[in-house]
Protein chains: 2
Amino acid sequence: MLSKKTKYAIKALVVLGKNADQPPMQISRIAEEERIPKKFLEQILLDLRNAGFLYSKKGAGGGYSLNKDPKEIFLVSIMRITDGPIAMVPCASLNFYHKCEECRQETTCGIRDVFVEVRDATLKILSETSIADIIARENTLINI
Amino acid sequence: MLSKKTKYAIKALVVLGKNADQPPMQISRIAEEERIPKKFLEQILLDLRNAGFLYSKKGAGGGYSLNKDPKEIFLVSIMRITDGPIAMVPCASLNFYHKCEECRQETTCGIRDVFVEVRDATLKILSETSIADIIARENTLINI
DNA sequence: TACATAGTATACGGAAGTAGTAGAATTTAT
DNA sequence: ATAAATTCTACTACTTCCGTATACTATGTA
């Protein structure tokens, strides 16, 4: 399961993506529009900022805006920051690999083999879908 | 992430699948062979039994054996019993659907739309892969 | 300079979930 | 009867998640 943190992070990036041509947007406004607890959102935006996705400006008239083209922000990168691994078992993770303590022979583990496949399928989607894509999807969905 | 419970469940079913032609296998033996804490495994096997996947026999000479053809036990069913939903967001789940409290319009949510796609890709693999397949994969992997 | 605005940073706490343990009850073969 | 095995309920320790609190820092404007 995706954590709320990750879901909120994506929502915030989507809102900021729609706001791309406007001046920086305040945390409170994002929190209100997306119904995200403000103080929780603060932490999340900070993480995204420290990871280089957001630009922030302090003080009066400050706020957050995207630091990258929405086309270049992919779900997989966000999820790795906020949730960690994409794979469902640590031994099948590319970026957060961890050996299963109880496994005798990883190389011949059929379970791992299946979950590597699942990981690849998931990864394909998440690494091809950007914030811009999500915005585009929403526009399409509205017209159905 | 898959819980250890689910991973242990799959491992136990695989062992029992390999043991299919033999008399029932004791919990202690499965626990030893797969290095799973015995009392924890007890609970897991009980769940699988109550879900109809296992046959159990009490008393001397008792133990567990598969109650179905290993070809008919699919990962998706095991995971739904031990871990619950397959989807990464509750609003994209088929069997454990739950509305996101903060969402205004689910039907036009781009995030949900992407994660429905991820769910379908995952589901395709997990609902096509059986215990028999995992055993077959292991045999293939050994010969590489 | 004073002040309000807005992000930065760290720490804390409740709730829920995960992993595993304990112990007694029940069933069955010998 | 007895020993071997599963069944069942409850409990505990640990961790993570979600959200809150509080103090601090930077910036624009009057």
Side-chain angles (χ1 to χ4, degrees), chain A residues 1-9 11-12 16 23-32 34-67 79 81-85 88-90 96 98 100-102, chain B residues 1-9 11-12 16 23-32 34-67 79 81-85 88-90 96 98 100-102:
Chain A
M1 276 278 174
L2 221 62
S3 66
K4 292 210 174 184
K5 185 174 180 179
T6 299
K7 196 169 57 166
Y8 293 162
K11 290 204 168 192
L16 289 168
M25 203 171 164
Q26 287 86 1
I27 297 178
S28 348
R29 218 182 111 206
I30 304 173
E32 259 175 57
E34 296 302 313
R35 297 177 177 177
I36 301 169
K38 191 193 160 195
K39 296 297 277 182
F40 193 24
L41 183 60
E42 273 186 20
Q43 292 181 348
I44 296 166
L45 294 179
L46 207 50
D47 285 349
L48 293 173
R49 189 203 98 102
N50 292 334
F53 291 104
L54 297 181
Y55 162 82
S56 69
K57 196 183 175 188
K58 287 186 178 182
Y64 278 100
S65 49
L66 292 187
N67 200 25
M79 289 175 61
I81 291 167
T82 50
D83 259 6
M88 297 182 95
V89 283
F96 298 84
H98 200 296
C100 302
E101 309 86 32
E102 83 281 4
Chain B
M1 276 280 176
L2 222 61
S3 66
K4 292 210 175 183
K5 185 173 181 180
T6 299
K7 195 168 57 165
Y8 292 162
K11 291 204 169 192
L16 288 168
M25 203 171 166
Q26 288 86 4
I27 297 179
S28 348
R29 220 181 109 209
I30 305 173
E32 259 176 56
E34 296 301 312
R35 297 179 177 175
I36 302 170
K38 192 194 159 195
K39 295 296 276 182
F40 193 22
L41 183 59
E42 267 185 36
Q43 293 181 347
I44 297 166
L45 294 178
L46 206 51
D47 285 349
L48 294 174
R49 190 202 98 101
N50 292 334
F53 292 103
L54 297 181
Y55 161 83
S56 70
K57 196 182 174 191
K58 285 186 177 182
Y64 279 99
S65 49
L66 292 188
N67 200 26
M79 289 175 60
I81 292 167
T82 51
D83 259 5
M88 298 181 93
V89 282
F96 298 85
H98 200 296
C100 302
E101 309 86 31
E102 82 281 4

B:L16 CG - D:dT6 P separation (whole Å): 11 Å
Distance in angstrom units between B:K38 NZ and C:dA19 C1', rounded: 17 Å
B:R49 side chain near D:dT7 phosphate (N/O to OP1/OP2, under 4.0 Å): yes
Separation of atom CD1 in B:I36 from atom P in C:dT21, rounded to whole Å: 13 Å
Side-chain heavy-atom pair A:K57, A:S65 within 4.5 angstrom cut-off: no
Of A:T6 and B:G59, the one whose closest DNA chain D nucleotide lies more 5': B:G59
Distance, rounded to the nearest Å, where B:D47 contributes CG and D:dT6 contributes P: 15 Å
Protein-nucleotide distance (B:I44, atom CD1; D:dT6, atom P), rounded to Å: 14 Å
Between P of C:dG7 and OH of A:Y55, the distance in whole Å: 12 Å
Short N-O contact, A:E101 and B:K4, less than 4.0 angstrom: yes
Phosphate-side-chain proximity, A:Y8 and D:dC18, N/O vs OP1/OP2 below 4.0 Å: no
Per A:Q43 side chain, nearest of listed nucleotides D:dG19, D:dC18, C:dT8: D:dG19
Minimum-distance nucleotide to B:K39 side chain [options: C:dT8, C:dA19, C:dT21]: C:dT21
Value in whole Å for how far the C1' atom of C:dA9 lies from CD of A:E42: 10 Å
Side chain of B:Y64 (C-beta onward), nearest among D:dT6, C:dT8, C:dA24: D:dT6
Salt-bridge criterion met for A:K39 and A:E42 (N-O under 4.0 Å): yes
Touch class at under 4.0 angstrom, heavy-atom based, for B:L45 against every strand present: nothing
Of the listed nucleotides C:dA29, D:dT7, C:dG20, the one nearest the side chain of B:A60: C:dA29
Any A:S56 side-chain N or O less than 4.0 Å from OP1/OP2 of C:dT8: yes
Shortest side-chain distance from A:K58, nucleotide among D:dC8, D:dT6, D:dT27: D:dT27
side-chain N/O B:K57 vs C:dA29 OP1/OP2, d < 4.0 Å: yes
Under 3.5 Å: donor-acceptor pair, side chain of A:N67, backbone of A:R49: no
5′-ward residue of the pair B:L46/A:F40 relative to DNA chain D: B:L46
Side chain to side chain contact (heavy atoms under 4.5 Å, CB included) partner of A:I27, the single match among A:I36, A:L41, A:I44: A:L41
Length of the line joining B:M88:CE and D:dC17:P, which is rounded to integer Å: 13 Å
